[in-house]
Amino acid sequence: MDALNATDDISQVVILLEANPYFWGGRSNGAHSTGPANFTFDRFLEHVLLFINSLHLLNQANRIVVIATGATSCAYLYDSNAAELSENARTARVSKKLSVVEKITQKLEDFMSKEAVYDLNQGTEDNRYSLLSGSLSMALCYIQRILRGPSPHPLPRILCLQGTPDAPPQYIAVMNAIFSAQRSLVPIDACIVGNHHSAFLQQATHITGGIYMKPPAPEGLFEYLSMVFATDLYSRKFLQLPRASGVDFRASCFCHKKSIDMGFVCSVCLSIFCKGQRTCTTCNAIFAPSKQPNPAAAAAQKRKVS
Amino acid sequence: MGPEEDGTNPMDEDGDGDAEEQGRDMEAWEKAYAEDRSWEALTEDASGLLLAVDVTQQQRQHRRRFAASKGPRIQRGIIRYVFVVCDFSRAAAEADFKPSRMGAVANCVEAFVREFFDQNPLSHLGLITIRNGVARRLTDLSGSPEAHIRALRANLECSGDASIQNAIDLARGYLSSIPSYGHREVVILYSALSTCDPGDIMDSIAECKKANIRCSVVGLSAEIYICKTLCDKTGGVYSVAISESHLKELVLEHAPPPPAVAESAVASLVRMGFPQRGAEGTVALCACHREVKLGGGYTCPRCKARVCELPTECHICGLTLVSSPHLARSYHHLFPVPGFEEVSVQLQSMGKFDVLRLCYGCQQELPTAGSKAIAGVRLECPRCKQHFCFDCDVYIHESLHNCPGCESLVK
Amino acid sequence: MKFKIEGLTVYFPYEFIYPEQYQYMVELKRALDAKGHCLLEMPTGTGKTITLLSLITSYQLANPVGKLVYCTRTVHEMEKVLDELRRLHAYQEKEIGKEAAKILALGLSSRKNMCVHPEISGEGSRESVDAGCRKLTASWVRIAAVDNPNIKTCDFFENYEKKGADALLPPGVYTLHDMRSFGREKGWCPYFLARHMIQFANVVVYNYQYLLDPKVSGIISREMEKECIVVFDEAHNIDNVCIEALSVNIRQQTLEGATRNLGKISQVIEKFKATDANRLREEYNRLVEGLAQRGNLPVADNWLANPVLPDDILREAVPGNIRRAEHFVAFLKRLVQYIKGRLLTEVVESEGPLSFLNSLNKECSIDQKALKFCYDRLQSLLTTLEITDTDEFLYIQSICDFATLVGTYQRGFAIIIEPYDDRMPNIPDPVLQLSCLDASLAIRPVFERFQSVVITSGTLSPIDLYPRLLNFNPVIFKSFTMTLTRDCLCPMILTRGSDQLPVSTKFDMRSDPGVVRNYGRLLLEMVAAVPDGVVCFFVSYSYMDGIINSWNEMGILQEVMQHKLVFIETQDVVETTLALDNYRRACDCGRGAVFFSVARGKVAEGIDFDRHYGRLVIMYGIPFQYTLSRILRARLEYLRETFQIKEGDFLTFDAVRQAAQCVGRVIRSKADYGMMIFADKRYNRHDKRSKLPGWIQTHLRDAHLNLSTDMSLHIAREFLRKMAQPYDKKGQGTNATLLSQADLEKMEQMENMQA
Amino acid sequence: MPNVRVVSRNFMEMVAALPAAKLDELYGSPWTCQAVVRSLPPLAKQYVLRLLFVEAAVSSKSIQDWALPDALNKHKVAIDKLEQLRVLIEATERRKEVSYKLNPRLQKQLQDVLKTGGGVPRESLPASFAARVPSLVDLENYAMKQWEAVLLQLVSSAFAEASTVPMNSTLTATFQRAGLITTPKGKEPPKITDAGFQFLLMDTNSQLWQIVREYVASAEDRGMDSAELISFLLELGFLNIGEPYNLNTLSPMQQNVIKELAALGVLQIQSGTKDRWFIPTKLASNLSASISETSGVQPGEGFVVVETNFRIYAYTTSKLQAEILRLFVRLEYQLPNLVVGSLTKESVSTAFASGISSDEMISFLSKHAHPHAAKKTPVVPETVTDQIRLWENDRNRVQMSPAYMYKEFPTVETFEAVDNYARDIGALLWDEPSTQRLVGKAERHEEMRNFIRRQSSAPQRR
């Protein structure tokens with residue numbers, strides 16, 4: 001990854017687009033809304049497209065990939081260098097003909113149509129969440145491919161445009177993805193378009209050294225995108241950028257999948273539980289009657305060892 | 001894979017195998033090529049043009065090796081208390097490893113220490129050196145990588161004899177007092193070829209066995225009988241390094257948590273806190289240094305005290321404080337991604353390929369029966385039935401530990 | 001496992017079999033079918049013994065052949081063989097049922113190893129035990145004991161005798177140890193029991209001597225039927241054994257002893273004359289009828305016989321001039337006198353038997369015919385005179401040995417008289433050596449008597465030489481190499497020290513301090529690079545002492561001690577054994593140790609340095625025989641004339657096989673690995689190298705020839721690292737090293753196809 | 001490769017050098033705007049983007065706050081550049097402190113670009129033509145072939161071989177103008193110059209741009225409007241590769257530009273029954289690409305393997321590559337698709353002699369490294385690189401400079417005075433007070449002489 005010369009500002013940006021129909025749909029019929037008020041999907045999309053174009057403007061070598069994060073599936077929407085990659089000249093021409101906007105919208109439509117199978121009005125627990133872990137994993141796979149490619153390769157980074165709240169069931173998967181990203185030095189940026197902060201993405205940005213941001217006014221989304229998230233990794237060394245304001249390091253317990261700030265951990269497999277158990281549901285280890293309650297003792301013992 | 005491959009593959013592996021054999025007793029400068037003896041696979045066509053090698057076979061082999069290395073899913077001892085013993089006896093001065101055996105060991109240990117804490121967040125590690133037949137504890141069992149590395153760097157000289165017995169006795173002394181749920185281990189990096197012990201080493205070995213201490217040895221020069229016995233008796237691993245790189249491999253093999261032996265440690269529930277990280281630039285009094293600190297520290301969820309780094313124990317209420325990422329690092333051991341199966345390109349119905357023309361992970365084109373353009377294997381996730389390319393398979397199983405396909409389905 | 005070889009069902013007690021073992025069996029079977037002798041070389045560590053046993057016993061089960069006579073060199077090996085046999089037998093019983101698999105196998109050894117008598121067994125030397133035994137078991141002693149209770153006899157023997165013919169050993173496999181314990185519980189004398197049971201046994205295991213040494217072999221000679229299958233294991237030195245069996249040395253003290261004996265004898269004769277003269281007369285008559293009738297003496301008494309004598313002699317009447325006891329004594333006196341005279345010579349004399357006889361005849365008119373009978377005449381006399389403490393009469397016995405041999409053989413022997421030892425010329429130590437030059441003499445009767453004789457060993461190269469040495473023509477001689485999953489032995493030929501100066505133990509160089517230092521450096525480098533056990537072999541004790549001293553002076557030894565403890569083989573057996581197991585201890589506990597030993601020594605022959613007990617063996621120099629010795633010269637000459645074997649060839653052959661023996665100690669199984677350094681520039685010459693056994697040569701790559709110390713050090717390091725890597729015992733596909741029953745069946749089908 | 005950067009910057013300087021009016025006029029075309037923006041240093045780009053939708057003027061102060069304090073100089077460079085190219089215009093306000101706003105025309109253009117997402121300058125011909133258009137791959141090959149032909153022309157003039165392609169007059173002219181080959185005196189053919197050799201080792205983009213630059217420069221001579229030319233060239237860069245574009249609709253000037261560019265393989269001209277059209281190739285896209293500071297990703301993948309034993313294996317079928325290698329490698333033998341050679345002192349020093357620097361060789365080797373070789377670091381073994389550098393140093397041990405020697409000064413004072421003076425004006429090469437001798441640069445001799453005159457009544461010198 002160090003094969004690049006320092007002044008290189010060519011970027012490979014993978015944008016994870018919040019495309020959860022429940023989230024956006026929830027907008028229209030004001031019922032239990034999770035998304036920001038009066039900010040529709042189309043507006044959102046506009047901003048993003050502007051953003052994509054401006055990335056292209058900045059450097060013709062910039063590569064952009066857009067992956068939709070849906071409630072029931074994830075899909076590639078756009079790949080700026082798909083044209084060059086596909087050997088077939090004809091398809092290349094066709095793809096060239098359409099502009100970025102057309103390509104994306106078109107792809108997005110059939111994605112949405114698939115998603116829409118779920119009745120939006122009675123969103124189940126499941127599709128209140130988007131499959132962040134899925135799109136993250138895909139993004140990372142894609143980036144690995146870039147990194148494998150001929151060097152010098154563009155500097156990869158991931159931008160999550162997240163609206164829906166964190167999905168505790170995805171906790172482990174997301175974490176795995178984060179660590180993998182960290183290992184291959186891929187920063188994960190996060191721009192929250194929903195109402196809730198995302199502990200997952202806070203951790204992700206914190207660990208991978210990306211930027212975390214929740215625009216107070218989503219109407220001006222492009223503002224933030226162009227001011228903050230357009231900055232390539234090289235320029236980040238020189239520009240003032242928003243600093244992390246605290247990270248939520250709470251875990252989510254295995255038993256009820258709810259975030260906790262204090263809990264019990266199995267000494268064999270480190271599974272987290274919100275309350276004491278006899279046996280570990282993950283590794284079915286049988287716990288010795290724990291002498292836990294007396295932390296002072298534990299501390300004392302620790303000191304003795306050290 | 002198709003039946004026809006089965007016939008051929010073992011052969012390939014043989015060839016590959018003794019290719020490496022030869023690689024071993026090559027001159028140093030040849031070794032660079034020993035790993036990939038690609039030219040052997042090269043073939044010329046009629047016009048004397050060189051043809052590319054058969055990727056598919058190579059990929060299959062790689063997958064087989066990986067599969068072999070990866071055993072069935074097992075309980076692992078994740079909370080470990082490990083002493084790393086560096087033999088800095090006379091023999092460590094030998095320069096057959098560059099810069100010297102000692103140097104090589106130091107480098108590996110450094111890498112190991114980092115990797116270790118990366119993979120075993122809640123574990124503790126300590127350093128012991130052997131010099132002049134005496135074992136000395138460099139660092140106490142503790143959680144901070146830097147301290148160990150500093151201590152090691154500061155202690156690089158070697159002389160005198162080596163004594164395994166002294167080393168393991170010392171280690172046993174410290175390991176005996178750790179909490180019951182911890183897994184006790186000793187990893188010895190041994191340069192010497194003999195051990196000058198004060199007493200009968202067999203007794204010490206028996207003692208270790210009794211104390212459930214798993215002793216592993218990485219030798220730098222040759223197989224030594226006593227080390228072999230030590231490892232066999234205590235359930236450790238004995239390996240001998242061929243080259244610097246191999247040495248690193250072998251040492252790092254000890255980084256992932258070892259399979260947990262039932263009796264070696266009793267499971268128990270440990271109460272832990274997952275503190276929040278304070279915003280940058282905020283000022284607070286930190287409990288550990290008893291002084292005002294600027295910048296994001298962590299706050300104990302129980303007593304709201306401020307600590308500077310994780311993992312640690314709250315100095316006020318003694319609660320074990322970790323950040324959930326620490327724990328999460330080792331979760332992939334618990335929920336491994338199912339191995340992908342190869343779908344024979346020939347047998348596949350062409351119908352399906354139109355759908356799955358691209359790798360689900362990275363959009364790379366997948367090999368199809370028709371086009372010979374893309375060589376390689378096509379793999380399928382048994383759970384989500386998505387198809388992947390070879391590279392993604394490797395990445396997914398060795399680094400990512402998520403199957404994109406499964407992740408992007410509602411469970 | 002159980003499989004078929006050319007129709008013969010072979011029972012093999014293990015799951016897998018090495019390919020070479022299979023080949024070995026095939027060849028062996030063919031030899032047996034051909035009812036001929038064979039010569040088979042197969043590397044140590046490939047399980048020769050079990051292969052032999054399982055094929056031959058299976059063969060016995062299938063075909064009507066006689067017993068298997070398995071000759072080993074040491075008691076230790078004997079026990080090992082019987083253990084293997086027991087495992088095999090257990091397996092056979094499992095396969096084909098108790099009845100069908102019933103065999104009787106037992107080991108036979110000297111009284112020393114078998115006696116269970118509380119006092120006697122405690123005796124130190126072999127002779128004393130023998131003698132002690134006779135004191136209690138000789139017929140006349142027992143007769144005397146009948147009416148005189150305070151004459152001691154051996155209860156074990158008595159019980160055994162009482163039982164008479166139905167004192168039998170139940171079928172099974174008996175090691176010496178088993179025999180003893182059996183004897184104890186039954187209260188029977190194991191030794192005589194064993195000797196008695198031999199004729200019923202299917203498998204007999206005992207020492208070479210029992211077949212080769214005329215003095216001992218009498219026991220068996222007449223009890224073995226022709227169909228027997230005789231096996232000489234570890235037979236690489238068989239020619240020397242044969243020669244020793246037929247050589248006699250006579251020194252000053254021998255003669256003095258002899259005269260003393262004669263004196264005693266004549267006294268006894270006088271006594272007898274006084275008491276019962278007719279006993280002597282009986283003997284006289286018996287002698288007239290001829291020695292053959294001696295057979296009718298009770299079994300315990302005919303304790304010596306001479307297979308070497310052609311039967312006609314046995315039937316012939318003893319010449320008149322020695323029939324009478326006193327004549328015989330006088331005769332011997334004359335002989336001894338004459339030899340005394342010969343020993344007075346100042347110069348070295350060397351002559352053939354013929355000329356010796358002539359001069360003997362001229363000077364004291366002793367004719368060859370009479371000489372021929374001396375040996376038996378003496379025996380019968382001693383018997384007649386009821387002399388039991390035979391160990392005192394060794395001297396006169398060896399004189400008679402000498403006489404008989406000289407009388408019997410005109411060819412193949414040399415009589416050499418040396419007034420002093422060459423090594424210390426000024427000390428007069430005259431010796432008359434009757435040395436056998438022709439190994440074939442001793443072994444010929446064996447070849448003639450038995451239908452198939454198997455000679456096998458790990459090192460029989462060059463294999464074509466043995467038939468010529470032993471003067472027989474095998475129906476099959478073959479050398480097998482061992483199949484390995486990894487090349488686990490690493491022979492090297494080191495010709496130069498680090499300073500590039502050649503190293504060798506040639507006379508002109510061996511004392512050169514440069515060479516000594518280089519040898520020392522070599523050892524030093526190696527002990528620093530090789531774990532656990534290292535073994536060094538030197539060409540001779542004197543050389544070893546010399547070089548160790550100078551190393552000590554140079555301080556090399558001290559440096560060596562930093563890495564490994566040092567142990568040294570000495571002439572004294574007890575010391576050496578002690579050194580050995582300390583050495584083993586050091587290897588076990590990881591301290592590491594070096595063992596200094598001598599080629600042709602006890603250690604070199606008998607002891608294994610397998611696994612971590614010997615990761616490296618250094619052969620310092622080429623262990624040539626002491627070329628200036630007259631005997632050797634004579635033998636070389638003889639070989640040249642009779643068998644057209646060049647001196648050089650024979651010497652190198654002999655030296656190299658010794659070297660091979662030494663280094664062979666280091667690897668004893670396929671899982672094992674070890675290095676061998678031949679430290680002498682002469683090894684690099686093709687004539688030497690080519691004589692190494694095939695399984696060493698195959699691993700002797702060009703890269704390992706003509707090395708200097710530093711190079712070999714590098715190779716050693718690489719090798720040790722390579723060997724330390726995990727590997728799979730059972731190679732796949734092409735280079736399979738283990739065959740399962742299934743594999744064999746497949747192979748057989750193949751063969752059937754071709755056939 | 002220093003030269004590369006020089007080349008491209010020069011080009012932008014050319015643009016910058018244009019009078020304000022012309023510049024603004026240039027910014028009338030979206031393509032120029034994009035090209036210019038892309039040519040900016042990363043920081044500057046960010047600024048442009050951030051200001052893009054800001055109508056009001058922004059104070060330089062607040063702009064400066066964007067940058068981290070320790071990145072100030074970077075910041076300044078960016079601003080200067082922006083001003084140079086009139087991307088930022090100082091807003092005239094009464095408040096004294098400076099404030100900037102984007103060049104309105106440019107701003108307008110760019111905003112559109114963002115909204116429409118660029119698109120293409122001109123409509124390509126209907127799909128009916130598509131059938132006759134070569135596939136991308138063929139096109140690629142065509143372009144490479146053409147370009148190699150161009151270079152071969154250069155090379156062939158290096159080795160006195162029969163040039164494989166007929167000498168193209170304008171090309172030769174351009175070469176000569178660029179000083180890549182000597183202007184022929186009399187009969188003998190033009191010889192390649194040091195610059196020419198270096199040129200060969202550059203990567204395609206830089207080469208292309210150096211040529212184009214010369215081309216533009218020479219445009220004035222041929223009475224073209226450089227501004228128009230430039231904007232047209234830039235526009236070409238934005239056309240879609242492999243699309244047919246109508247030739248007849250172009251202005252005559254543009255048409256013959258097209259013709260000449262075709263020779264370079266930048267585009268391919270095809271002619272149907274009645275109308276002619278041109279198809280831009282990869283090279284064309286480089287027109288807009290290579291102006292940016294980044295050297296971009298290598299076109300075509302590497303083929304050279306360098307071993308520690310100084311042997312070089314080049315898996316290539318191209319004659320050109322072989323020839324280029326021949327510049328500094330002793331070729332040993334050639335197989336159909338493999339060239340084997342080795343770096344020897346001779347071969348390398350001849351290269352030095354013809355003005356190729358060690359860095360150029362090394363970077364050539366590493367740039368064109370075979371994918372397998374490229375995996376290991378360093379791509380070219382140290383032993384080799386070091387040795388090449390050493391060889392180079394050998395040559396530079398002695399440095400010549402014409403000089404005068406002054407000695408036999410009347411007094412110590414005079415000597416010291418002169419010595420100091422020489423040192424001050426930087427004429428001093430060597431001096432030795434003990435013997436009162438000093439050596440000065442020849443070119444400064446006049447001043448020295450005068451000074452010495454003034455110093456002493458009777459200065460002796462030789």
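Letters A, B, ... mirror the listed sequences (proteins, then strands); counts begin at 1.
- Heavy atoms closer than 4.5 Å to chain D are found in the side chain of A:F222, but not in its backbone.
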What do the steps show when you test D:V87 against D:V37 for side chain to side chain contact (heavy atoms under 4.5 Å, CB included), and what is the final call? CA-CA 8 Å; D:V87 173; D:V37 168; 5.7 Å; no
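- A:A190 meets the side chain to side chain contact (heavy atoms under 4.5 Å, CB included) test with A:L201, A:T205, A:Y212; sequence neighbours excluded.
- There is a side-chain donor-acceptor pair under 3.5 Å between A:S130 and A:E18.
- In this structure, a donor-acceptor pair under 3.5 Å is absent between the side chains of A:Q12 and A:N62.
- Heavy atoms of A:L241 lying under 4.5 Å from chain D belong exclusively to its side chain.
- With a 4.5 Å cut-off on non-hydrogen atoms, D:L139 does not touch chain A at all.
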